[in-house]
Amino acid sequence: MRYITFILLLLTLFACNKDEEKESTAPVAKKEKVIKEFGFVLNNFKVVNDTIKSGDTFGGILQSQGFDVTQVHNITQAIRDSFNLRDIRIGKPYTLLKNKQHPDSLQVFIYQPDRLSYYVVDLRDSIARAYKKTRPITIKRRTIAAEIDGSLAETINKAGASPALTHELSEIYAWSIDFFKLQKGDKFAVTINERFISDSIYGGLESIEAAYFETKGDKKYAFPFKQDENSKRFDYYDEEGKVLKSMFLKAPLKFSRISSRFSPRRFHPVQKRWKAHNGTDYAAPTGTPIMTTANGVVERAGYTAGNGNYVKVKHNSTYSTQYLHMSKIKVRTGQRVQQGDVIGLVGSTGLATGPHVCYRFWKNGVQVDALKQKLPSSQPMESKYKPRFMAQMAPLKKELDSISNITFK
């Protein structure tokens, strides 16, 4: 009898454990993830996302949601001082928040003119109201170090940075690096600040703190610095405090390739004879902007059978430059131009076999090879600002050097 009682007790315990196991393995209902956006808990609404299409208007969208003409008029009158309805553009996203219990009842209309801001039209009360909100911006800092693989733009894209960084670096080094001569294996490092919308959406390049390029073993540093701390304007200087900006840009185009160099004897592709080529040819697609390489006054802008559409700029009593074969001239004779101004567009007018700009350079009235000139720099840093610059620059340079040493070993 004692044994029978023991066995029954074991069976009871086993059955209880089974029941507990069933209870513990029973599926647990997952909590719905709370989604917040535009200042609303989206879980509380039926959400419809769409984009503005050709012919769409705010009133038309409301009418498609069941509002009559009188209601649309009253709503637009109520919000006209807070939301300019004429600013609605094709392709821009909008969101409709509808009542979950009554899906045909529109409660909120949200329009996004850009990634940073949005308009809310709240229709839940008897009188509609509208307001604009701006998403929070976070600035994140990082340093990129890379070897050139393909073009600078391709290398920066592979590093996951904004295309704007390519433009900014080409602007910073326009006076000291010939980007047409970059080769595979050249190196650069740059410390940047980037914008993030709502801490997650990439919002683009904010600023550059420091940079260097290494070409053929020669490092060229760049550090932004304001001599006047209250000024909005700053220039870029190297590690010794020498200004990078020169009187002349290295080239009249931002990105292209040199198709023919200055030469005392070259076989002319159109005239089919040997003659001097007193300029540097930069091949680029038709319509590419051509920039004046320095400040000056347009001495001549016109057309000849050989030069095609051309512009000549007098910079001072020593230097002049000329730009040939334009598809279109963008300046007039006597006009004052600033370094980097677009003076024309690349073309193939005159004696040219394809689209390019022939860049000619005069020094003291004699045509010379622009690529071999040692050209004057802009105004240097005043000595009284040098200690502050060196203190600001030193830790940035150390950071660039440390990450580049790790990356390129």
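This chain uses plain numbering: 1 for the first residue, then up along the sequence.
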> With Phe38, which residues qualify under ring pair (Phe, Tyr, Trp, His ring centres under 6.0 Å), at least two apart?
Replying inline: Tyr118

> In chain order, what residues pass the side-chain hydrogen bond (donor to acceptor under 3.5 Å, both in side chains) check against Tyr173, with sequence neighbours excluded?
Replying inline: none

Side chains of residues 389-398: which donor-acceptor partners sit under 3.5 Å, not counting sequence neighbours?
unit_1 : atom_1 : unit_2 : atom_2 : d
Gln392 : NE2    : Pro224 : O      : 3.2
Lys397 : NZ     : Asp401 : OD2    : 2.9

>> Enumerate the side chain to side chain donor-acceptor pair (under 3.5 Å) contacts for residues 125-137, please, sequence neighbours excluded, ordered by first and then second residue.
In response: Gln112-Arg135

>> Could you check whether Glu171 pairs with Lys245 (Lys NZ or Arg NE/NH1/NH2 to Asp/Glu carboxylate O, under 4.0 Å)?
In response: no

Hey, can you pull the donor-acceptor pairs under 3.5 Å for the side chains in residues 296-311, sequence neighbours left out?
unit_1 : atom_1 : unit_2 : atom_2 : d
Thr304 : OG1    : Asn307 : N      : 3.0
Asn309 : ND2    : Met326 : O      : 3.0

>> Taking the ring centre of each residue, are Phe225 and Tyr236 less than 6.0 Å apart?
In response: no

>> So that I know where these two stand, are Phe248 and Phe361 an aromatic pair - ring centroids less than 6.0 Å apart?
In response: yes

> Does a side-chain N-to-carboxylate-O contact under 4.0 Å join Asp228 and Lys226?
Replying inline: no

> What pairs with Lys242 under salt bridge (Lys or Arg N to Asp or Glu O under 4.0 Å), at least two apart in sequence or on another chain?
Replying inline: Glu240

> Honestly, is Lys220 close enough over Phe213, meaning NZ or CZ under 6.0 Å from the six-membered ring centre and within 45° of the axis?
Replying inline: no

> Who are the salt bridge (Lys or Arg N to Asp or Glu O under 4.0 Å) partners of Arg89, not counting sequence neighbours?
Replying inline: none

>> List the residues meeting side-chain hydrogen bond (donor to acceptor under 3.5 Å, both in side chains) with Lys53, not counting sequence neighbours, and say none if there are none.
In response: Asp50

> Hey, are Ser320 and His315 close enough side-chain-wise for a donor-acceptor pair under 3.5 Å?
Replying inline: no

> What residue pairs, at least two apart or across chains, pass side chain to side chain donor-acceptor pair (under 3.5 Å) with a residue in residues 189-206?
Replying inline: Thr138-Asp199, Arg142-Glu194, Thr143-Thr191, Asn193-Ser207, Asn193-Glu209, Glu194-Tyr202, Arg195-Glu206

>> Ser82: which residues meet the side chain to side chain contact (heavy atoms under 4.5 Å, CB included) condition with it, sequence neighbours left out?
In response: Ala130

>> Please enumerate all residues that pass salt bridge (Lys or Arg N to Asp or Glu O under 4.0 Å) together with Lys184, with sequence neighbours excluded.
In response: Asp149

> Who pairs with Asp87 by side-chain hydrogen bond (donor to acceptor under 3.5 Å, both in side chains), at least two apart in sequence or on another chain?
Replying inline: none

